[in-house]
**Q** 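Here it is: the structure, laid out below.
As a basis for the values below, the full set of heavy atoms in this structure was taken, side chains included, without hydrogen atoms, waters or symmetry mates.
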Amino acid sequence: MSGYSFEIITGPMSCGKTEELLRRIRRCIIAKKKVKVISPDVDTRAKGDYIESRNGLWLDAIKVKHSVQILSCVKDAEVVAIDELQFFDSNITKVITQLMNDGKKVIGTGLELDFKADPFGSMPELMCIATKIDKLHAVCMKCGCENATRTQRLIDGKPADKSSPLIMIGGDETYEARCIKCYELPDIKAKQRTLGLKLLQFNK
């Protein structure tokens with residue numbers, strides 16, 4: 001359990017990222033390592049200063065707004081666990097690089113893709129500097145296959161439009177895991193533009 005390392009646990013919603021993070025943290029605690037857990041304050045699913053998995057496991061955490069705050073919070077830690085990496089600002093890559101240079105073991109979780117299936121936040125850069133990457137799959141909530149890699153956003157039970165906000169905090173009622181085949185991303189504006197062009201051509 002040496003320092004100078006950065007492990008990323010990634011995958012879609014509901015694949016068990018936080019559960020796996022908590023498992024690794026508990027192993028560090030058993031090994032009598034000094035552990036600090038960090039969570040972005042934008043993630044309001046947990047109502048207190050802790051992180052919680054979907055199966056009810058939880059652990060106390062320090063909520064921070066800006067990634068640079070992490071450095072002052074973990075000075076005495078040997079292991080730094082960071083949940084929801086995708087929500088941090090662009091300085092998170094420099095912060096984690098500094099933590100590794102300081103000899104700390106860093107373990108983080110993050111969505112690699114947003115609801116539009118685009119790279120999420122600083123995750124591409126973080127995966128480049130990681131010393132270990134574990135990509136988890138979930139069960140597709142539409143067809144039941146076990147290789148879901150997409151996060152499907154739902155609004156009133158229907159797939160969210162491409163134009164909806166990038167960040168929308170929510171649980172199982174807002175997001176579900178889907179495989180590539182079942183993933184949907186409606187683009188109402190594009191359909192409206194296409195329909196408008198057809199109407200113009202018809203009127204000519």
Side-chain angles (χ1 to χ4, degrees), residues 6-21 38-46 51-54 61 63-68 70 81-97 106-130 132-143 145-193:
F6 173 35
E7 301 174 5
I8 284 186
I9 306 162
T10 188
M13 294 282 283
S14 304
C15 70
K17 296 186 298 298
T18 301
E19 181 181 350
E20 174 61 18
L21 178 66
I38 304 295
S39 176
D41 69 353
V42 69
D43 186 1
T44 56
R45 289 173 299 173
I51 60 172
E52 183 177 17
S53 66
R54 278 178 162 72
K63 297 276 188 176
V64 301
K65 185 173 184 179
H66 303 293
S67 58
V68 293
I70 296 173
I82 308 174
D83 201 26
E84 305 291 355
L85 285 165
Q86 76 279 355
F87 287 145
F88 284 97
D89 56 81
S90 60
N91 285 320
I92 188 65
T93 305
K94 294 179 181 178
V95 168
I96 290 178
T97 299
V106 184
I107 313 171
T109 72
L111 290 167
E112 60 182 333
L113 300 175
D114 60 26
F115 84 100
K116 294 186 288 187
D118 292 330
F120 205 153
S122 296
M123 287 298 290
E125 290 84 2
L126 292 172
M127 292 172 76
C128 285
I129 68 169
K132 179 182 179 183
I133 299 172
D134 289 298
K135 185 172 180 177
L136 306 183
H137 292 171
V139 174
C140 177
M141 297 304 292
K142 191 169 183 181
C143 74
C145 76
E146 297 182 8
N147 62 343
T149 58
R150 299 290 187 267
T151 297
Q152 181 73 63
R153 176 181 289 172
L154 301 172
I155 297 178
D156 296 328
K158 297 180 180 180
D161 187 73
K162 187 176 183 178
S163 63
S164 62
L166 176 60
I167 296 178
M168 185 181 293
I169 305 300
D172 293 338
E173 76 287 350
T174 310
Y175 294 98
E176 65 181 24
R178 290 198 184 181
C179 64
I180 294 174
K181 180 181 177 182
C182 296
Y183 169 76
E184 302 172 71
L185 185 64
D187 191 345
I188 294 174
K189 289 184 177 179
K191 288 181 179 179
Q192 289 174 339
R193 287 194 297 269

**Q** Given Ser67, which partner from the list Thr93, Asn91, Asp89 fulfils the side chain to side chain donor-acceptor pair (under 3.5 Å) test?
**A**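 It is Asp89; the other options fail the test.
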**Q** Return the CD1 to CG distance between Ile82 and Leu21, rounded to the nearest 0.5 Å.
**A**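 CG of Leu21 is found 9.5 Å from CD1 of Ile82.
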**Q** Enter the distance from Ile38:CD1 to Ile107:CD1 here, rounded to the nearest 0.5 Å.
**A** 13.0 Å
**Q** Between the side chain of Lys17 and the main-chain N/O of Pro12, is any donor-acceptor distance below 3.5 Å?
**A** yes
**Q** Taking all non-hydrogen atoms of both residues, which atom of Leu154 and which atom of Pro159 are closest, and how far apart?
**A** CD2-N, 3.9 Å
**Q** Atom NE2 in His137, atom CD in Glu146: separation rounded to 0.5 Å?
**A** 11.0 Å
**Q** Looking only at heavy atoms, which two atoms of Leu113 and Ala117 are closest? And how far apart?
**A** CD2-O, 3.7 Å
**Q** Looking at side-chain heavy atoms only, is the closest gap between Lys135 and Glu112 below 4.5 Å?
**A** yes
**Q** Which atom names give the shortest non-hydrogen contact between Thr151 and Tyr183, and what distance separates them?
**A**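 Answer, listing the atom of Thr151 first, then Tyr183: O-CE1, 3.9 Å.
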**Q** Is a donor from one side chain sitting under 3.5 angstrom from an acceptor on the other, for Asp83 and Ser39?
**A** no
**Q** Can you find a pair of side-chain heavy atoms, one from Glu7 and one from Asp134, that are under 4.5 Å apart?
**A** no
**Q** Going by heavy atoms in the side chains, are Cys143 and Lys181 under 4.5 Å from each other?
**A**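 When only atoms from C-beta onward are counted, Lys181 and Cys143 do not touch, as no gap falls below 4.5 Å.
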**Q** Rounded to the nearest 0.5 Å, what separates atom CG in Asn147 from atom SG in Cys15?
**A**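 Reported value, rounded in 0.5 Å steps: 12.5 Å.
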**Q** Minimum heavy-atom separation for Phe6 to Leu85, with atom names?
**A** CZ-CD1, 4.1 Å
**Q** Distance from Leu111 atom CG to Met13 atom CE, nearest 0.5 Å?
**A** 6.5 Å
**Q** Under a 3.5 Å distance rule, please check whether Thr10 uses its side chain to pair with a backbone N or O of Gly110 as donor and acceptor.
**A**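 Judged by distance alone, yes, a pair lies under 3.5 Å.
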**Q** What closest approach, in Å, do Cys179 and Cys145 show between heavy atoms, and which atom pair accounts for it?
**A**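 Smallest interatomic distance, heavy atoms only, reads CB-SG, 3.5 Å.
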**Q** For the residue pair Ile96 and Phe88, establish whether any side-chain heavy-atom pair is separated by less than 4.5 Å.
**A**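 No. Closest side-chain heavy atoms not under 4.5 Å.
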**Q** Apply salt bridge (Lys or Arg N to Asp or Glu O under 4.0 Å) to residues Arg178 and Glu184 and explain how you reach the verdict.
**A** CA-CA 9 Å; Arg178 290 198 184 181; Glu184 302 172 71; 2.7 Å; yes
**Q** May I ask you to check whether over 12 heavy atoms, not counting those of Met127, lie within 6.0 Å of atom CE?
**A**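 Yes - once you tally the heavy atoms of other residues, nucleotides and ligands closer than 6.0 Å, there are more than 12.
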**Q** Between Thr109 and Glu84, is there a donor-acceptor pair closer than 3.5 Å when you use the side chain of the first and the backbone of the second?
**A**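 Yes, because the side chain of Thr109 sits within donor-acceptor range (under 3.5 Å) of the backbone of Glu84.
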**Q** So, does Arg150 use its side chain to make a donor-acceptor pair with the main chain of Cys182 at under 3.5 Å?
**A**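 Not a single qualifying donor-acceptor pair exists.
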**Q** Can you tell me how far CZ of Arg153 sits from CG of Leu166, rounded to the nearest 0.5 angstrom?
**A**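 Separation between the atoms: 7.0 Å.
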**Q** Taking all non-hydrogen atoms of both residues, which atom of Met123 and which atom of Ile8 are closest, and how far apart?
**A** CE-CG2, 4.2 Å
**Q** Using only atom types and a distance under 3.5 Å, with no angle test, would you say the side chain of Ser122 pairs donor to acceptor with the backbone of Ile92?
**A** no
